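Here the structure is laid out as structure tokens; the discussion comes afterwards.
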Amino acid sequence: MAADPELEAIRQRRMQELMAQHGAGNNRQDPEQQKVQEEAKREADERRQLMLSQILSSQARERIARIALVKPEKARGVEDVILRAAQMGQIAEKVSEEKLISLLEQINNQTTKQTKVTIQRRRSVLDDDD
């Protein structure tokens, strides 16, 4: 696997996201330009899926697909982590479902939000010590 095409795909996707955000304020985009952007986005997604299919086992891909049904942003984040690790050469073999589960647990432990409840009581005028 070459890191350059993968890195280029991620850069293109990010550029498209930035352009989409910037273009949201400017709705006067040329329909041809929109078509080109959609085509580029589709191609980037296809490359991303191809890379993931080379890296992940079929069970791991199924698990990510199930996660994506419930939390698409979390699945996308896990895919990004896996792709980055593959680009850096940290993944030597296909990622099994067990490895994916341990990765998900690590990510959950890092992103667990702690809930803190503070109670503030209002003091009314009638509760004054007379």
Side-chain angles (χ1 to χ4, degrees):
M1 275 188 283
D4 292 338
E6 296 170 347
L7 184 60
E8 186 61 32
I10 292 172
R11 284 183 180 152
Q12 285 179 352
R13 187 185 76 244
R14 182 66 182 142
M15 183 62 79
Q16 290 169 1
E17 290 172 359
L18 289 172
M19 290 181 76
Q21 289 174 357
H22 182 68
N26 184 8
N27 289 334
R28 289 180 252 130
Q29 284 186 343
D30 186 16
E32 186 68 28
Q33 185 180 5
Q34 286 180 339
K35 192 175 186 181
V36 169
Q37 286 178 351
E38 290 173 8
E39 181 69 22
K41 185 176 180 180
R42 188 182 58 76
E43 287 178 13
D45 285 341
E46 286 178 9
R47 282 192 301 256
R48 179 184 177 88
Q49 291 306 317
L50 179 65
M51 288 183 276
L52 286 170
S53 68
Q54 293 172 353
I55 297 169
L56 298 172
S57 69
S58 60
Q59 294 91 359
R61 277 187 291 158
E62 289 174 14
R63 183 170 289 270
I64 287 186
R66 288 191 302 267
I67 292 170
L69 291 173
V70 180
K71 295 184 178 179
E73 65 282 346
K74 185 170 194 159
R76 186 79 172 191
V78 170
E79 290 173 351
D80 288 342
V81 168
I82 292 170
L83 287 173
R84 257 183 269 131
Q87 288 171 355
M88 292 180 191
Q90 296 173 346
I91 297 177
E93 57 191 31
K94 282 197 171 204
V95 175
S96 66
E97 188 174 13
E98 292 78 25
K99 287 182 183 177
L100 180 65
I101 291 171
S102 68
L103 178 65
L104 287 167
E105 288 173 349
Q106 288 175 358
I107 292 172
N108 281 340
N109 289 338
Q110 290 173 357
T111 60
T112 302
K113 297 178 183 174
Q114 292 185 352
T115 306
K116 182 179 177 185
V117 178
T118 57
I119 300 173
Q120 295 179 343
R121 294 193 174 111
R122 293 190 212 175
R123 298 186 183 248
S124 85
V125 178
L126 301 175
D127 289 344
D128 286 342
D129 292 342
D130 292 313

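Sequential numbering from 1 along the given sequence is applied to the chain's residues. What you see is a predicted model, and the numbers here were worked out from it, not measured in a lab.
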Is it the case that one hydrophobic cluster holds both M15 and V36, taking links as side-chain heavy atoms less than 4.5 Å apart, direct or via other members?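 Not linked; separate clusters.
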
Do L50 and I82 sit in the same hydrophobic cluster, where Ile, Leu, Val, Met, Phe, Trp and Tyr count as joined when their side-chain heavy atoms come under 4.5 Å apart?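 In one cluster: no.
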
Atom pair [atom1]/[atom2] of [X] and [Y] - distance to nearest 0.5 Å:
X    : Y    : atom1 : atom2 : answer
Q12  : R47  : CD    : CZ    : 4.5 Å
I101 : Q59  : CD1   : CD    : 10.5 Å
L104 : N109 : CG    : CG    : 11.0 Å

SB check E38 R42 (cutoff 4.0 Å):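 A salt bridge is absent here (no side-chain N lies under 4.0 Å from a carboxylate O).
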
Under a 4.0 Å threshold between the charged nitrogen and the carboxylate oxygen, would E32 count as salt-bridged to K35?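 No salt bridge links K35 with E32.
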
Shortest non-hydrogen separation from R61 to L52 and the atoms involved: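 Taking every non-hydrogen atom into account, CD-O, 4.3 Å.
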
Determine the minimum heavy-atom distance between L56 and K94, stating which atoms define it.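 Heavy atoms of L56 and K94 come nearest at O-NZ, 3.9 Å.
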
Given side chain to side chain contact (heavy atoms under 4.5 Å, CB included), test L100 with V78 step by step and report yes or no. CA-CA 9 Å; L100 180 65; V78 170; 3.8 Å; yes

Once salt bridge (charged side-chain N to carboxylate O under 4.0 Å, His left out) is applied, do any residues pair with E17, and if so which ones, sequence neighbours excluded?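 Partners of E17 under the salt bridge (charged side-chain N to carboxylate O under 4.0 Å, His left out) test: R13, R14.
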
Please step through side chain to side chain contact (heavy atoms under 4.5 Å, CB included) for the pair I55 and E79, ending with a clear verdict. CA-CA 10 Å; I55 297 169; E79 290 173 351; over 6 Å; no

Any chance you could lay out the side chain to side chain contact (heavy atoms under 4.5 Å, CB included) test for Q87 and I10, step after step, and finish with the verdict? CA-CA 11 Å; Q87 288 171 355; I10 292 172; 3.4 Å; yes

Considering only distance and modelled atom types, tabulate donor-acceptor pairs under 3.5 Å from the side chains of residues 63-76, sequence neighbours left out.
| unit_1 | atom_1 | unit_2 | atom_2 | d |
| --- | --- | --- | --- | --- |
| R63 | NE | E97 | OE2 | 2.8 |
| R63 | NH2 | E97 | OE2 | 2.8 |
| K74 | NZ | N108 | OD1 | 2.2 |

